[in-house]
Colleague: 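Please find one structure pasted underneath; my questions will follow.
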Protein chains: 2
Amino acid sequence: MQYFTFCYNSLTYEQLFNYNKAMDNIDLETVNRVKPKMPDTTLLYELSDFFKLMGDSTRIQLLWALEENEMCVGELALLLNMTKSAVSHQLKTLRSAKLVKAQKRGKNVFYALSDHHVRTVLEMALEHVCE
Amino acid sequence: MQYFTFCYNSLTYEQLFNYNKAMDNIDLETVNRVKPKMPDTTLLYELSDFFKLMGDSTRIQLLWALEENEMCVGELALLLNMTKSAVSHQLKTLRSAKLVKAQKRGKNVFYALSDHHVRTVLEMALEHVCE
DNA sequence: TTGACAGTTGAATAGTTGTTCAACTATAAT
DNA sequence: ATTATAGTTGAACAACTATTCAACTGTCAA
């Protein structure tokens, strides 16, 4: 037996919106009440970018370690048992997000947390994860 | 001019560790002090998985919306201006992480937050993002 | 019982991302 | 000056992920 169902293939955003809106079982009032409370695009992407940044075990370890002490790339590589290259790449990511700052001293580059908000967020997440 | 530098090609973990450890300018004391304070593997992955989950703008919107009201898939699709299929896929992800719960009523499936910790974490992140 | 609607699902696709690799720069020591 | 060490970088690769697409199930109404 063959079914023919509606496909959204190549609908414009407006067409999709009208299609969604035209459904029977929808409480438009709820949707209209919630809509203005939704975060605007900029905030939304700032939020998800921040979480994306925290969503990598290497970067979490780096932040976690730097919370204890500033360290140079080689020390961090030893601590995490990774190549300096991999560590350096991730530190660059954290740095461009302004979560860590770098300072060159002699042959070494020392990294430190630049934002102690990070600790709070980590602790909140910990609380969540640990039930 | 040509340089010949060390390459880590196909080092075992142990070899990498020993190579890192053998560096001159490393404060082994710091590394040894911090090492026991690092999170264990399980916790580490639970943490990064949680942040990964929050690191998507669609899922943030879904959680944000459900914080206001439980809603069915069609309502959420209308609110976010997305196809029901895309919304359903993301709700499934959130559901298997136990962040939302589903309840079928008639033709509709209503989703609601199952963990109000989420709000706290979102608020923390908001605080961070908004400087 | 037929048709329409609500939602789900698996495969496919397009885009993103973390690590490796090799080559590089900069600094310190001999 | 030469050499070894510390770190950075861009390209390449592999793994992952969000959305689309098409086909499906379950429920209600006529």
Side-chain angles (χ1 to χ4, degrees), chain A residues 1-11 13 16 19-27 48-49 52-62 71-78 80-96 102-111, chain B residues 1-11 13 16 19-27 48-49 51-53 55-62 71-78 80-96 102-111:
Chain A
M1 199 185 308
Q2 192 160 12
Y3 295 85
F4 294 97
T5 52
F6 179 80
C7 292
Y8 333 85
N9 311 17
S10 57
L11 287 192
Y13 275 104
L16 174 63
Y19 168 67
N20 278 333
K21 202 167 167 181
M23 283 187 293
D24 278 346
N25 289 21
I26 276 199
D27 182 3
S48 64
D49 284 349
K52 242 173 234 151
L53 209 69
M54 305 290 291
D56 175 74
S57 55
T58 301
R59 287 193 294 268
I60 291 183
Q61 286 184 95
L62 289 172
M71 276 187 255
C72 67
V73 179
E75 287 163 353
L76 290 165
L78 174 61
L80 308 199
N81 204 35
M82 293 178 65
T83 64
K84 276 179 279 187
S85 176
V87 169
S88 177
H89 274 297
Q90 294 300 354
L91 285 169
K92 192 184 184 185
T93 308
L94 290 173
R95 203 177 155 194
S96 63
Q103 192 194 8
K104 182 148 198 174
R105 292 207 296 272
K107 277 207 279 188
N108 296 91
V109 178
F110 284 88
Y111 282 86
Chain B
M1 201 186 305
Q2 193 160 10
Y3 296 85
F4 295 97
T5 52
F6 179 80
C7 292
Y8 331 86
N9 311 17
S10 57
L11 288 191
Y13 274 104
L16 174 62
Y19 168 67
N20 277 333
K21 203 168 168 181
M23 282 188 292
D24 278 346
N25 288 21
I26 277 199
D27 183 3
S48 64
D49 283 349
F51 283 120
K52 243 174 233 151
L53 209 70
D56 175 75
S57 54
T58 300
R59 287 192 294 267
I60 291 184
Q61 286 185 94
L62 288 172
M71 277 187 255
C72 67
V73 179
E75 288 164 352
L76 289 165
L78 173 61
L80 309 199
N81 205 35
M82 293 178 67
T83 64
K84 275 178 279 188
S85 176
V87 169
S88 176
H89 274 297
Q90 294 301 354
L91 285 170
K92 192 185 184 185
T93 307
L94 290 173
R95 204 177 155 193
S96 63
Q103 191 194 10
K104 183 147 197 173
R105 292 209 296 271
K107 277 205 280 188
N108 296 90
V109 178
F110 283 88
Y111 282 87

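Computed from a prediction, not measured in an experiment: that's the story for all the values here. Quick note on labels: first sequence line is chain A, next is B, and so on, each numbered from 1. Values reported hereafter were calculated over all heavy atoms of this structure, with side chains retained and with hydrogens, waters and symmetry mates removed.
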Colleague: Rounded to the nearest angstrom, tell me the gap between atom CG in B/L78 and atom P in C/dC5.
Modeller: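 Rounded to the whole Å, the gap is 16 Å.
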Colleague: Under 4.0 Å between any heavy atoms, over every strand shown, what does A/Y111 touch: base, sugar-phosphate, or nothing? Just pick one.
Modeller: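 Sugar-phosphate, backbone atoms only, no base.
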Colleague: Which comes earlier along DNA chain C counting from the 5' end, the contact point of A/G106 or that of A/T58, where each point is its nearest nucleotide?
Modeller: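 Taking each residue's closest nucleotide, the earlier one in sequence belongs to A/T58.
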Colleague: If you go through the side-chain atoms of B/S85, does one of them form a donor-acceptor pair with the base of C/dT9 closer than 3.5 Å?
Modeller: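 A donor-acceptor contact between them is present.
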Colleague: State which of D/dT19, C/dA6, D/dT9 makes the closest approach to the side chain of B/N108.
Modeller: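 Of D/dT19, C/dA6, D/dT9, C/dA6 is nearest to the side chain of B/N108.
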Colleague: Provide, to the nearest angstrom, the distance between the CD atom belonging to A/Q90 and the P atom belonging to D/dT9.
Modeller: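 Taking CD of A/Q90 and P of D/dT9, I get 14 Å after rounding.
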Colleague: The side chain of B/S88 is closest to which nucleotide in this list: C/dT17, C/dT9, D/dT8?
Modeller: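 The answer is C/dT9, which lies nearest to the side chain.
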Colleague: Without decimals, in angstroms, what is the distance between A/K84 NZ and C/dT19 P?
Modeller: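 My rounded result for the distance is 17 Å.
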Colleague: Nearest of D/dT8, C/dT8, C/dT17 to any side-chain atom of A/V109?
Modeller: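 It is D/dT8.
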Colleague: Would you kindly give the CZ-to-C1' distance between B/F51 and D/dT17, to the nearest whole Å?
Modeller: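 Going from CZ in B/F51 over to C1' in D/dT17 covers 19 Å.
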Colleague: Looking across every strand, which nucleic acid part, if any, lies under 4.0 Å from A/R59 by heavy atom: base, sugar-phosphate, or nothing?
Modeller: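 A/R59: backbone/sugar contact only, no base atoms under 4.0 Å.
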Colleague: Could you tell me the separation between the NZ atom of A/K104 and the C1' atom of C/dT25, rounded to a whole number of Å?
Modeller: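 Computing the A/K104:NZ to C/dT25:C1' distance gives 8 Å.
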Colleague: I want to check something: taking the side chain as every heavy atom from C-beta on, are B/L76 and B/L91 in contact at a cut-off of under 4.5 Å?
Modeller: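 With C-beta onward as the side chain, the pair touches.
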Colleague: Within this structure, what is the NZ-to-P distance between B/K107 and C/dG7, rounded to whole angstrom?
Modeller: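 Value for this atom pair: 9 Å.
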Colleague: Can you check whether A/I60 reaches B/F51 side chain to side chain, under 4.5 Å on heavy atoms?
Modeller: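 Yes, side chains in contact.
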Colleague: B/M82 CE to D/dC21 C1': how many Å, rounded?
Modeller: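 The distance from CE of B/M82 to C1' of D/dC21 comes to 14 Å, rounded to the nearest Å.
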Colleague: Judged by atom type as modelled, is there a donor-acceptor pair below 3.5 Å linking the side chain of B/N108 to the main-chain atoms of B/F110?
Modeller: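 Absent.
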Colleague: Using atom CG of A/N25 as one end and atom P of C/dG7 as the other, report the distance to the nearest whole Å.
Modeller: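 For the pair A/N25 CG and C/dG7 P, the rounded distance is 7 Å.
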Colleague: Report which part of the nucleic acid B/T93 touches: base, sugar-phosphate, or nothing (heavy-atom distance under 4.0 Å, all strands).
Modeller: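 No contact.
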Colleague: Any donor-acceptor pair, under 3.5 Å, between the side chain of A/H89 and the base of D/dG10, if you only look at N and O atoms?
Modeller: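 Pair found.
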Colleague: Under 4.0 Å from OP1 or OP2 of C/dT19: is there any side-chain N or O of A/T83 that close?
Modeller: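 False: A/T83 side-chain N/O out of range (4.0 Å or more) of C/dT19 OP1/OP2.
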Colleague: Would you say the side chain of A/K92 lies within less than 4.5 Å of the side chain of A/S88, judging by non-hydrogen atoms?
Modeller: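 A side-chain contact is absent here, since even the closest heavy-atom pair is not under 4.5 Å.
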Colleague: Which residue, B/R95, B/R59, B/Q61, forms the side chain to side chain contact (heavy atoms under 4.5 Å, CB included) with B/Q90?
Modeller: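 So the option named by the test is B/R59.
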